[in-house]
Amino acid sequence: MLVLGIETSCDETCAAVVEPSGRVLSDVVHSQVELHAPYGGVVPELASRDHLRNARPVVEAALARAGVPLSAIGGISVTCRPGLSGALLVGVELAQALAFAREVPIVGVDHLVGHLLAVFLEFPGESARPRPEFPFIALLVSGGHTALYRVDGPDLSAVRELGATRDDAAGEAFDKVAKLLGLGYPGGPVIDRLAKEGDPEGVRLSAPMPSKNSAEFSFSGLKANVARYVEAHGRPGDDQRLRDLCAAFQRRVVDTLVRKSVAATQREAVPRLVIGGGVAANRELRERAQAACDRAGTKLFVPPLRACTDNAAMIAYVGALRLQRGEDDSSAIEMSPETALFQVTRKGRGRRGERLPGG
Ligand code: KG4
Ligand code: ZN
């Protein structure tokens with residue numbers, strides 16, 4: 001069975017054709033970065049309108065690149081949570097219309113489960129990557145979420161949250177610090193590039209939530225630290241001081257993420273770590289996680305760069321697992337701005353272990 005995946009939860013319009021094995025036939029991403037850049041962040045209303053313009057051409061491009069007609073698609077998988085309501089609606093409506101017209105089953109999937117399982121995708125021309133066995137520990141680091149999970153299987157019900165951020169997500173911290181430094185949006189890739197030429201000890205910044213025993217994170221203090229530095233010393237120009245500040249900030253974030261992830265693998269006695277989400281594209285995170293896992297005797301699994309940031313291939317794969325079992329959400333797809341995974345206190349919402357409504 002070939003599955004068409006559609007993803008429009010935030011600022012990328014994505015479609016992909018994937019086999020249930022994880023083999024990717026096509027994966028198309030239309031980025032809205034330039035549209036939102038002047039505003040320093042995603043403007044929801046602009047996002048929905050741009051999805052509306054691009055959703056159909058992106059799906060057509062995914063089918064054309066896969067070299068298959070729509071009639072070859074056996075099921076559709078679409079992101080239905082978490083995300084911007086208007087943005088999600090565009091993808092869900094298109095997916096439902098296609099499923100209705102083609103009389104094929106459709107499933108709605110959680111974007112975060114997509115990030116957790118993106119490591120199972122196999123892209124054309126890529127040499128075979130080892131796949132993790134279950135259970136594994138997953139560090140999810142995206143623009144909207146940062147959490148550690150124990151993943152005992154591919155279903156939502158087999159994912160248990162070990163800890164999450166109490167305030168900003170790691171990607172959000174990169175984006176906010178980049179904004180403070182006048183580096184534009186999104187902040188991750190530009191800080192990653194500048195940090196490469198900086199000295200991480202060149203500027204003193206405090207470590208965020210250093211306790212190894214806690215699987216919870218907090219990045220707002222570190223961001224405030226950078227804000228105070230800018231207040232005291234002025235915004236660095238395009239000079240070494242800017243690169244040092246980026247390197248110091250990135251080192252503090254990466255160190256915390258790596259230390260807590262490896263500690264979680266040891267506490268759970270699960271020697272496999274998966275990293276997913278946009279921040280998993282970070283060069284220093286990938287390198288330092290590899291070194292720390294080697295020292296700890298833990299195997300590290302990271303998706304290729306293109307599968308770390310938002311894409312529809314991961315959505316198609318997660319949906320394919322359910323479609324293969326004969327599941328079908330045709331009668332109702334419930335959309336939500338929240339993930340269905342267990343949540344801790346992210347900006348005060350929800351208590352540990354409390355399942356969100358509909359989750
Ligand atoms: O997973 P993603 O594409 O979208 C969400 O689901 O949020 O993650 C986007 C986030 C942004 O905050 C972006 O700044 C960050 O991932 N990001 C990076 C890098 N590439 C993207 N952060 C650090 N280093 C990178 N190379
Ligand atoms: Zn994402």
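Index from 1, following the sequence. In each ligand, atom 1 is the first atom listed, and ligand 1 is the first ligand listed. The structure displayed is predicted, hence computed values, not measured ones.
- V109 and I6 are not part of a single hydrophobic cluster, where members link through side-chain heavy atoms under 4.5 Å apart.
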Checklist line | Full working for salt bridge (Lys or Arg N to Asp or Glu O under 4.0 Å) between R160 and E268 | finding: CA-CA 12 Å; R160 183 161 60 85; E268 295 288 320; 3.4 Å; yes
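- Atoms of ligand 1 found under 4.0 Å from any heavy atom of G143, numbered from 1 in the order shown, are 5 (C), 7 (O), 8 (O), 9 (C), 10 (C), 12 (O).
- Those atoms of ligand 1 that come under 4.0 Å of a heavy atom in G171, given as number and element, are 12 (O).
- The N, O or S atom of D310 with the smallest distance to the Zn ion (ligand 2) is OD1.
- If you look at H111 and ask which of its N, O or S atoms sits nearest the Zn ion (ligand 2), the answer is NE2.
- Using a cutoff of 4.0 Å between basic side-chain nitrogens and carboxylate oxygens, R131 and E122 are scored as salt-bridged.
- Using a non-hydrogen distance threshold of 4.0 Å, C10 does not register as a contact of ligand 1.
- Salt bridge annotation for R252-E201: present, with a cationic side-chain nitrogen under 4.0 angstrom from a carboxylate oxygen.
- L257 and L273 fall within the same hydrophobic cluster, defined by Ile, Leu, Val, Met, Phe, Trp and Tyr side-chain heavy atoms under 4.5 Å apart, directly or through other members.
- At a cut-off of 2.8 Å, H145 does not coordinate the Zn ion (ligand 2) through any N, O or S atom.
- Here D329 pairs with R322 in a salt bridge; the nearest charged N to carboxylate O distance falls below 4.0 Å.
- Of all the atoms in ligand 1, the ones that sit under 4.0 Å from a non-hydrogen atom of G144 are 7 (O).
- Looking only at protein heavy atoms, the nearest one to atom 2 (P) of ligand 1 is D310 OD1, 3.3 Å.
- Counting all heavy atoms, side chain and backbone alike, A316 lies closest to A16 at CB-O, 4.4 Å.
- Regarding atom 18 (C) of ligand 1, its nearest protein heavy-atom neighbour is G188 CA, 3.4 Å.
- Using a cut-off of 2.8 Å, one finds that C10 contributes no N/O/S atom close to the Zn ion (ligand 2).
- Counting the atoms of ligand 1 from 1 in the order shown, those under 4.0 Å from a heavy atom of D192 are 24 (N), 25 (C), 26 (N).
- Every atom of ligand 1 is numbered from 1 in the order shown, and the set under 4.0 Å from a heavy atom of H115 is 1 (O), 6 (O).
- In summary, the atoms of ligand 1 found under 4.0 Å from a heavy atom of H111, numbered by their order in the structure, are 6 (O).
- Considering NE2 of H36 and CG of D50, their distance stands at 6.5 Å, rounded to 0.5 Å.
- Taking every heavy atom of D175 and a limit of under 4.0 angstrom, the matching atoms of ligand 1 come to 11 (C), 12 (O), 13 (C), 14 (O).
- Ring centers of F174 and F249: under 6.0 Å apart, within the cut-off.
- Contact annotation: for T309 versus ligand 1, heavy atoms closer than 4.0 Å belong to both the backbone and the side chain.
- Scanning both residues, I76 and A99, for their nearest heavy atoms gives CD1-N, 3.6 Å.
- Given atom 21 (C) of ligand 1, the protein heavy atom at minimum distance is G278 O, 3.4 Å.
- Closest to atom 24 (N) of ligand 1 among all protein heavy atoms lies N282 ND2, 3.0 Å.
- When atom types are taken as modelled, the side chain of R272 and the backbone of P135 share a donor-acceptor pair closer than 3.5 angstrom.
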